[in-house]
Amino acid sequence: MKADEEEISRIENALLSARRYRETERMSPRLKSGIMRDIRAAAAPRDEVREPVSLRVVWRFAATASLVAVLVLFYTFGSNLGAEYEAAMFFGDDILIAGSLDLL
Amino acid sequence: MKDNRRGDDFDSEVIRRVLEGDVNAFESLMDKYGDRVCRIVRNHVPRDHTEEVVHEVFVRAYRSLPGYTAKAPFGHWLSKIAVRCCYDFFRNRRRNREIVLTNLTEDHQKWVDAVRTAESHEVFEKEAGRKEAGEVLEYALERLSAADRMVLTMLHLDGVPVKEAADLLGWSVVGVKVRAYRAKRKMRKIVSELLDEKDHEDESR
């Protein structure tokens, strides 16, 4: 026998009403202290991550320096004034190396 | 002096302190919003798992605190995390196949019969207040997916407006409406099967 619509609605309404009788929950001190314990534990690594700011600065400096070096390299090779010589001057600052490159 | 303990200024001040490293200040946010979070979680999650999910809500809130932009009040932001944790709880249970689908006992079957035959509103209400009612409701909800369960609970059982439910779940309004419609149909099917099963049992006796 197939359940009729009215009966289904009755059960549905009873289930809806059952919801009203649900007990409310309050936060217990035990739960609160358990959460705080975990949060304090989670806080420690967060502080550790924040501490080495200097390391972040070093990496930023390294990235910027690399970028500048590449730009300078492109500039020197882009100009018509003896790129090899200028590159040698830039990196080596050695007139002998620059001179030998020029001979080549 | 005006006590601004309940206002957004109080929350902002506490959040600032927590972010500056005063972890213990977080406890005052728990004092303020603990019962609210418990209520949300209790509305969705079975009683024996409530504490576990409330715990997860506050730990997740603490971890996400640097990303809180104060565009919405802290209480609302925390409610969203609570709803999300409830949703994840059911998703994980389904994924890990932790849900053991319970069968109805004779007491539950008797309750179904009593509701079917209840002639007055008083009897109906009395039946709705019995613990079997809550257990049958849980039996039906367990058979829904996490998303269906969340939407059905919010919209049909708790009467949360569609727009608010969409905001809390992080879904579109249309998505919530469609999901709610389908979830209600599934719920109806579950109740129908429950009654059919009961009739079948009665006939076979």
- Nearest non-hydrogen partners of B/Val23 and A/Met36, listed with the distance: O-CE, 3.6 Å

- Heavy-atom nearest pair, B/Cys38 first then A/Arg26, reads SG-C, 4.0 Å

- Query: Would you find a donor on one side and an acceptor on the other, under 3.5 Å apart, between the side chain of A/Arg10 and the backbone of B/Val115?
  - Reply: yes

- Query: Among B/Val41, B/Asn43, B/Thr50, B/Leu137, which has the most heavy-atom pairs under 4.5 Å with chain A?
  - Reply: B/Asn43

- Task: Could you grab the distance from atom CG of A/Asp38 to atom CZ of B/Arg63, nearest 0.5 Å is fine?
- Result: 8.0 Å

- Could you tell me which non-hydrogen atom of B/Ala133 sits nearest to which non-hydrogen atom of A/Ala18, and how far apart they are? CB-CB, 3.5 Å

- Max heavy-atom pairs within cutoff under 4.5 Å with chain B, candidates A/Asn13, A/Ile39, A/Ile11, goes to A/Ile39

- Message: If we check side chain to side chain contact (heavy atoms under 4.5 Å, CB included) with A/Met27, which of these qualifies: B/Val37, B/Asp35, B/Asp31?
- Response: B/Asp35

- Salt-bridged, B/Arg188 to A/Glu12, with N to O below 4.0 Å? yes

- B/Met30 CE to A/Lys32 NZ distance, which is reported to the nearest 0.5 Å: 6.5 Å

- Between CG on residue A/Leu15 and CD1 on residue B/Ile190, distance to nearest 0.5 Å: 10.5 Å

- Quick one: pull up CG in A/Leu31 and CZ in B/Phe58 and give me the separation to the nearest 0.5 Å. 8.5 Å

- Value rounded to 0.5 Å, distance of CE in B/Met187 from CD1 in A/Ile8: 12.0 Å

- Nearest heavy-atom neighbours spanning A/Ile35 and B/Val54: CD1-O, 4.2 Å

- Task: Flag yes if more than 12 heavy atoms outside B/Lys80 fall under 6.0 Å of its NZ atom; otherwise flag no.
- Result: yes

- Among B/Thr153, B/Val59, B/Asp158, B/Val136, single out the residue with the greatest number of heavy-atom pairs under 4.5 Å to chain A. B/Asp158

- Does CZ belonging to B/Arg60 count more than 12 external heavy atoms closer than 6.0 Å? yes

- Task: Name the member of B/Glu56, B/His156, B/Glu27, B/Arg42 that forms the most heavy-atom pairs with chain A at distances under 4.5 Å.
- Result: B/Arg42

